[in-house]
Protein chains: 2
Amino acid sequence: MDNKLMFERSQCPITNGLDIFGDKWTLLIIRDLVLGKRRYQELISSPENIASNILAHRLKRLEVAGLVTRRAYQQKPERYEYVLTEKGKDLKPVLEAISRWGTKHYPGTSVFRAVGQG
Amino acid sequence: MDNKLMFERSQCPITNGLDIFGDKWTLLIIRDLVLGKRRYQELISSPENIASNILAHRLKRLEVAGLVTRRAYQQKPERYEYVLTEKGKDLKPVLEAISRWGTKHYPGTSVFRAVGQG
DNA sequence: GACTATAACTTGCAATCCACAAGTCGGACG
DNA sequence: CGTCCGACTTGTGGATTGCAAGTTATAGTC
């Protein structure tokens, strides 16, 4: 019943995707999660230097949208990690397509393993 | 020699892509251009209701980045249209991937022809 | 037992960006 | 002379972003 933010701007699937990940940071977080990162500090330490408040905000949005799951990996003190759901993992082809476009038009760029040339 | 905005945040091709189209509107403009729209009013009249100042700003950025070309289609009065370069057209697979993700996870959405299921 | 470190955040604030409405400019048309 | 069209530009208030610093809970060290 959390479908009240669906079809916010239009019924276009691209629009609905962009309403979730249409910004400078979200797809980079997904990229890191696809690459196997799970913890807050790992995400923070990516070379793009995301601010901690932005990261927290994006992770919350991704959780609400059902792309990631937040869960405790230890108690005392409670520490949390983030993992992609199937819906989140399904963005891998999108990352691959962007990566292919980027490496073609900006030679010299490179991602790490797993999100390379598909 | 306009390569001073390359590698702004990192050498990741995804990051460099997002520095150009990482927002809520740019990929929708590209979608419209892929679908054959060319004129300002056509772009304005899309269902997502982009504001005119945002559209102007994004078109300028796309032109600077080399994804679209602005050219006059008539004189007296001068009127301009926008067409995708090869670099811009190369984003079609990205749009298709997003579209596929959107239609899978938000059933009921649909784009127009040409940017459908690939 | 105070002191430092770690991890996952939260808070405050200035700067920037965005959305909405309105206005501009150069003609064509009546 | 006045209205319309099309491609923008300008002004304003509100939302978002970026940066630095702070908070909370616990473990380890002196």
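Residue numbers begin at 1 in each chain, while the letters A, B, ... track the order of the sequences. Source: prediction; values computed, not measured.
- Between B:W25 and the phosphate of C:dA19, there is a side-chain N or O to OP1/OP2 separation shorter than 4.0 Å.
- The shortest non-hydrogen separation linking B:S10 to A:E48 is OG-OE2, 2.7 Å.
- The two atoms that bring A:W25 and A:I54 nearest to each other are CD1-CG2, 3.8 Å, heavy atoms only.
- In this entry the distance linking CG of A:L18 with C1' of C:dC18 reads 16 Å, nearest Å.
- Within the cation-pi definition used here (under 6.0 Å to the ring centroid, within 45° of the axis), A:R70 qualifies as a partner of A:Y80.
- For the residue pair A:N16 and A:Q11, the shortest heavy atom distance occurs at ND2-C, 4.0 Å.
- Separating the CD1 atom of B:I50 from the P atom of C:dC17 is a distance of 16 Å, rounded to the nearest angstrom.
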request  = Quick one: the dot-bracket string of DNA chain D, using Watson-Crick and G-U wobble pairs with both distances under 3.5 Å, [ ] for crossing pairs and | for bases paired to another strand.
outcome  = ||||||||||||||||||||||||||||||
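- In terms of heavy atoms, A:S46 sits closest to A:D32 at OG-OD2, 2.6 Å.
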Please write out the pairs of protein N or O atoms and N or O atoms of nucleotides 6-16 of chain C separated by less than 3.5 Å, giving the distance to one decimal.
unit_1	atom_1	unit_2	atom_2	d
C:dA7	O4'	A:R79	NH1	2.8
C:dA7	N3	A:R79	NH2	3.2
C:dA8	OP1	A:Y73	OH	3.2
C:dA8	OP1	A:Y80	O	3.2
C:dA8	OP2	A:Y40	N	3.4
C:dA8	OP2	A:Q41	N	3.0
C:dC9	OP1	A:R70	NE	3.4
C:dC9	OP1	A:R70	NH2	2.7
C:dC9	OP2	A:Y82	OH	2.6
C:dT10	OP2	A:K60	NZ	3.4
C:dT10	O4	A:S52	OG	2.7

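- From the 5' end on, the contacts that DNA chain D makes with chain A at under 4.0 Å to a non-hydrogen atom open and close at D:dT17 to D:dA27.
- One can place CG of B:N49 at 15 Å from C1' of C:dC18, the figure rounded to the nearest angstrom.
- The minimum heavy-atom distance linking B:I30 with B:G88 is given by the pair CG2-O, 4.3 Å.
- Across the protein-nucleic acid pair, B:L55 atom CG and C:dC17 atom P stand 18 Å apart, rounded to whole Å.
- Residues passing the side chain to side chain contact (heavy atoms under 4.5 Å, CB included) test with A:A56, sequence neighbours excluded: A:Y40.
- Evaluation of the salt bridge (Lys or Arg N to Asp or Glu O under 4.0 Å) rule for A:E81 yields A:R38, A:R71 as partners, not counting sequence neighbours.
- With sequence neighbours excluded, no residue forms a side-chain hydrogen bond (donor to acceptor under 3.5 Å, both in side chains) with B:Q41.
- A donor-acceptor contact closer than 3.5 angstrom is absent between the side chains of A:T69 and A:T85.
- Taking every heavy atom of both residues into account, B:A97 and A:A97 meet most closely at CB-CB, 4.4 Å.
- Between the CD1 atom of A:I54 and the P atom of C:dC17 there is a distance of 13 Å, given to the nearest Å.
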